[in-house]
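Numbers restart at 1 for each chain; the letters A, B, ... are given by sequence-line order, proteins then strands.
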Amino acid sequence: MPELPEVETIRRDLDKEIAGKKIKSVEVTGARSTRRHEDLKTFIDPLVGRTVKGVDRRGKYMVVKLDGPDVLIIHLGMSGQLLRAPSVRTEMPKHTHVVINFTQGGQLRFIDPRTFGEMFVTTLDVIEEQVPELAHLGIDALSAPVTWKNFGGLLTLRSAKLKTALMDQRVLAGIGNIYSDEILFHSGLRFDRSTDSLKPEDVRRLYRSTVEVLQEALRLRGSSLADAQYVDLFGKPGGYQAEHQVYARDGLPCRRCRQTITKEKFTGRTTYFCPACQI
DNA sequence: ACGCCCGCCTGTAAGC
DNA sequence: TGCTTACAGGCGGGCG
């Protein structure tokens, strides 16, 4: 579900909400969410008694820093939610798999119907060998020091279709199915263009579109779709879905040229585009 | 060696 | 109305 704007929205809220809080206890009711830990003690014990220092993000992974050697990694998968509950009495939603209780009161709950998301504890120095998918992430699509030249260098490192390259977490970290389509529309480029067909001005446009789309989506606190799966830490939906130009708009007129938005399967993912605006 | 497809899950909506 | 099917924000493994 969540891509970079959604994960970053949650990360910022989480950082404000739980930094300085001390973990009193941890309840795991859905062991699939902690599947990297064969023994639940190795998940729970390093957390209990620790104080949260802050929350970082690497691509779609959140990194909860603690006052010890360990970090708590959270990935939301397709349907994961993190919800702050002010009191233990707040009704527990269905599919709540992990609950973290703080000594100051309140809870952090991990809810995930499809269970593709996960939480695990590790230390930063062993991430390289233990969590290669995290270690091999490309540059963060929202990180400030990215220039259009190194963006282009990374993107065209290997020959691939544009959408595949944009969604490749080892190239650029954070972009998924919604934002790749929105970014490609914004740049006027088709999803199936080859990276090596790009002229420098195309790379520059794609770079600008990536930054602009993601920053605007972040400003509006992400995209919540009809199923309202994505909500922020306080259960509120985002607002960027109202700005979508192509995603889930098949059959509707393009907001720019009035041509009908087309839907097509591409490497297993539904892809939306304007056949007139994107070349 | 690389690209593609499947499977992992549950919920929902469309189709018959 | 009810059963069946397809599909959904991600990602790793295995296959060709």
Polar-atom pairs under 3.5 Å, protein N or O versus N or O of nucleotides 1-4 of chain B: list them with distances, or write none.
unit_1 : atom_1 : unit_2  : atom_2 : d
dG3(B) : OP1    : S159(A) : O      : 3.3

Could you go over nucleotides 8-10 of chain B and give all protein N or O partners under 3.5 Å, atom names and distances?
unit_1  : atom_1 : unit_2  : atom_2 : d
dC9(B)  : OP1    : R32(A)  : NH1    : 3.4
dC9(B)  : O2     : R114(A) : NE     : 3.0
dT10(B) : O4'    : P113(A) : O      : 3.3
dT10(B) : O3'    : H95(A)  : NE2    : 3.2

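A salt bridge links R170(A) with D168(A): at least one charged nitrogen is closer than 4.0 Å to a carboxylate oxygen. Taking the charged nitrogens against the carboxylate oxygens, D45(A) and R50(A) have no contact shorter than 4.0 Å, which rules out a salt bridge. A salt bridge links E8(A) with R11(A): the distance from a Lys NZ or Arg NE/NH1/NH2 to an Asp or Glu carboxylate oxygen falls below 4.0 Å. Between R32(A) and D112(A) no salt bridge is recorded (no basic side-chain N to carboxylate O distance below 4.0 Å). Taking 4.0 Å as the cut-off between side-chain N and carboxylate O, D181(A) and K163(A) count as a salt-bridged pair.
Comparing the P positions of dG11(B) and dG12(C) gives an interatomic distance of 24 Å, to the nearest angstrom. Across the P atoms, dC9(B) and dC3(C) are found 25 Å apart, a figure rounded to whole Å.
Atom CD of E264(A) and atom P of dC7(C) are 14 Å apart (whole Å). Rounded to a whole Å, the CD1 atom of I175(A) is 11 Å from the P atom of dG10(C). As rounded to whole Å, 17 Å separates atom P of dG7(B) from atom CZ of R35(A). dA8(C) atom C1' lies 14 Å from atom CD of E6(A), rounded to whole Å. Spacing between atom CD of Q169(A) and atom P of dC11(C) amounts to 5 Å, rounded to whole angstrom units. One interatomic measurement links the two molecules: CG of L225(A) to P of dG10(C), which rounds to 10 Å at whole-angstrom precision. Distance K263(A) NZ to dA8(C) C1': 11 Å, rounded to the nearest Å. Rounded to whole angstrom, the span from the CD1 atom of I178(A) across to the C1' atom of dG10(C) amounts to 12 Å.
Among the candidates T42(A), V71(A), L47(A), the single residue satisfying the side-chain contact (heavy atoms from CB on, under 4.5 Å) test with V121(A) is L47(A).
Here D227(A) lies in heavy-atom contact (under 4.0 Å) with a base.
Taking only side-chain nitrogens and oxygens, R269(A) comes nearer than 4.0 Å to OP1 or OP2 of dG10(C).
No side-chain donor from either of D232(A) and T9(A) sits under 3.5 Å from a side-chain acceptor of the other.
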D202(A)/R205(A) under salt bridge (charged side-chain N to carboxylate O under 4.0 Å, His left out): CA gap, chis, key distance, verdict: CA-CA 5 Å; D202(A) 296 324; R205(A) 227 174 35 246; 3.4 Å; yes

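Annotation: the span from R12(A) atom CZ to R57(A) atom CZ amounts to 8.5 Å, rounded to 0.5 Å.
Applying the Watson-Crick and G-U wobble criteria (two distances, each under 3.5 Å), dA13(B) pairs with dT5(C).
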